[in-house]
Novice: 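Below is the structure I would like to discuss, written out as structure tokens.
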Amino acid sequence: MTTWIWAAVAVVLFAMYLSWTAGRLDRLHARIDAARASLDAQLVRRASVAQELATSSLLDPAASLLLYEASHAARQAEDEHREVAESELSLALRAVFAEPEQVAALLDAPGGKEAVTDLTAAVRRVPMARRFHNDAVRAARAVREHRLVRYFRLAGRAPFPMAFEMDDEPPAALTPEGAPA
């Protein structure tokens, strides 16, 4: 009789473990969704600020055109092409703001200080948001790789989480180390 009791206790404990693991996986997926929403918001903010700056006539026409096209493409990109479009926006930002002197000239222009401040804040937030998202994806993948999670299909029908890989390096002139004095 005690063997049956111990077997029942083991089954109950195993079921509790599976339930706890499924709940943890669900929380990780919710964390990924929240991090992705935050990343999307930061990417849209960066593209919007870049587009505002491109249309503000504070930059020379060539730089304005380059920045406008890249920011417009980033805002209009479909999900499967978003990483490439955002990387191209990063490249355009680095090309336009390659030298601290360009940022210094922009700061001296009327309305330039606000534009540079907004762009700097937007450019700095994107890598943090991407890092939070990719950390959440990494944690969920680690749990989903466990055999018990796969065998008992504890992830349900949730899609396998994918990291957001893009070039998010800010222009050197917009970082604290490269900012004009």
Side-chain angles (χ1 to χ4, degrees), residues 9-54 66-97 117-178:
V9 168
V11 168
V12 167
L13 288 175
F14 185 67
M16 286 176 56
Y17 172 75
L18 290 178
S19 175
W20 176 81
T21 304
R24 179 174 177 226
L25 196 54
D26 186 50
R27 288 189 302 276
L28 285 171
H29 282 284
R31 186 173 143 207
I32 289 172
D33 291 342
R36 180 60 186 237
S38 175
L39 175 61
D40 285 341
Q42 294 306 324
L43 291 171
V44 167
R45 183 171 186 262
R46 180 180 76 152
S48 298
V49 170
Q51 202 166 24
E52 267 182 46
L53 184 60
L66 176 69
L67 199 55
Y68 180 82
E69 287 179 355
S71 61
H72 181 71
R75 289 184 72 181
Q76 300 299 318
E78 298 292 325
D79 283 342
E80 57 270 1
H81 303 292
R82 182 111 188 251
E83 293 171 346
V84 173
E86 294 294 346
S87 294
E88 288 173 356
L89 178 56
S90 294
L91 289 171
L93 285 167
R94 284 199 303 271
V96 170
F97 299 106
T117 303
D118 289 346
L119 184 62
T120 301
V123 165
R124 288 183 185 168
R125 287 184 179 135
V126 168
M128 283 189 294
R130 189 175 76 87
R131 195 170 311 119
F132 288 140
H133 175 268
N134 289 349
D135 286 347
V137 166
R138 199 172 304 115
R141 281 182 172 184
V143 172
R144 286 183 72 150
E145 288 174 358
H146 292 202
R147 280 191 191 118
L148 288 177
V149 172
R150 289 193 319 257
Y151 292 159
F152 288 98
R153 300 176 193 249
L154 298 181
R157 293 197 164 109
F160 193 74
M162 300 301 290
F164 194 86
E165 296 301 330
M166 65 171 270
D167 176 7
D168 61 1
E169 184 180 336
L174 296 179
T175 61
E177 299 82 31

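If you read the sequence from its start, that first residue is 1, and numbering goes on from there.
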Novice: Measuring from D118:CG to R45:CZ, what's the distance to the nearest 0.5 Å?
Specialist: 6.0 Å
Novice: Give, for atom CD of Q51 and atom CD of E69, the distance between the pair rounded to the nearest 0.5 Å.
Specialist: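 So the CD of Q51 and the CD of E69 are separated by 11.0 Å.
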Novice: Rounded to the nearest 0.5 Å, what separation is found between the OG1 atom of T120 and the CZ atom of R125?
Specialist: 11.0 Å
Novice: With a 4.5 Å limit on heavy-atom distance, are the side chains of R138 and D135 in contact?
Specialist: yes
Novice: Report yes or no: does R141 contribute a side-chain atom to a donor-acceptor pair with the main-chain N or O of P161 at less than 3.5 Å?
Specialist: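 Yes, because the side chain of R141 sits within donor-acceptor range (under 3.5 Å) of the backbone of P161.
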Novice: Rounded to the nearest 0.5 Å, what separates atom CG in L13 from atom CH2 in W20?
Specialist: 14.0 Å
Novice: Can you see which heavy atom on R75 is nearest to which on A47, and at what distance?
Specialist: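 Heavy atoms of R75 and A47 come nearest at CG-CB, 3.4 Å.
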Novice: Given V126, which partner from the list M166, E169, E86, R131 fulfils the side-chain contact (heavy atoms from CB on, under 4.5 Å) test?
Specialist: M166
Novice: Under 3.5 Å, side chain of E83 to main-chain N/O of E165, donor-acceptor pair present?
Specialist: yes
Novice: Which heavy-atom pair separates A74 from L89 by the least distance, and what is that distance?
Specialist: CB-CD2, 4.1 Å
Novice: Once rounded to the nearest 0.5 Å, what's the spacing between atom CG of D168 and atom CG of L93?
Specialist: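 That separation rounds to 11.5 Å.
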Novice: Charged N to carboxylate O under 4.0 angstrom, E145 versus R150?
Specialist: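 Between R150 and E145 there is no salt bridge, as every charged N stays at least 4.0 Å from the carboxylate O atoms.
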Novice: Over all heavy atoms of both residues, which pair between L25 and A140 is shortest? Give the atoms and the distance, please.
Specialist: CD1-O, 4.1 Å
Novice: Has D167 got a side-chain atom pairing as donor or acceptor with E88's backbone, closer than 3.5 angstrom?
Specialist: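 No: the side chain of D167 does not pair with the backbone of E88.
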Novice: What pair of heavy atoms forms the shortest contact from A95 to L66, and how long is it?
Specialist: CB-CD2, 4.0 Å
Novice: Does the pair L119 and F97 meet the rule for a side-chain contact (heavy atoms from CB on, under 4.5 Å), with working shown?
Specialist: CA-CA 11 Å; L119 184 62; F97 299 106; 3.3 Å; yes
Novice: What are the two closest heavy atoms between Y17 and L148, and how far apart are they?
Specialist: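 What the structure gives for the nearest pair is CE2-CD1, 3.8 Å.
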Novice: Show the nearest heavy-atom pair for residues R94 and P171, with the distance to one decimal.
Specialist: CG-CA, 3.7 Å
Novice: Side chains of residues 31-44: which donor-acceptor partners sit under 3.5 Å, not counting sequence neighbours?
Specialist:
{"unit_1": "R36", "atom_1": "NE", "unit_2": "D40", "atom_2": "OD1", "d": "3.3"}
{"unit_1": "D40", "atom_1": "OD1", "unit_2": "R82", "atom_2": "NH1", "d": "3.0"}

Novice: Is it true that a side-chain atom of R124 and a backbone atom of L174 form a donor plus acceptor pair closer than 3.5 Å?
Specialist: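 Yes, because the side chain of R124 sits within donor-acceptor range (under 3.5 Å) of the backbone of L174.
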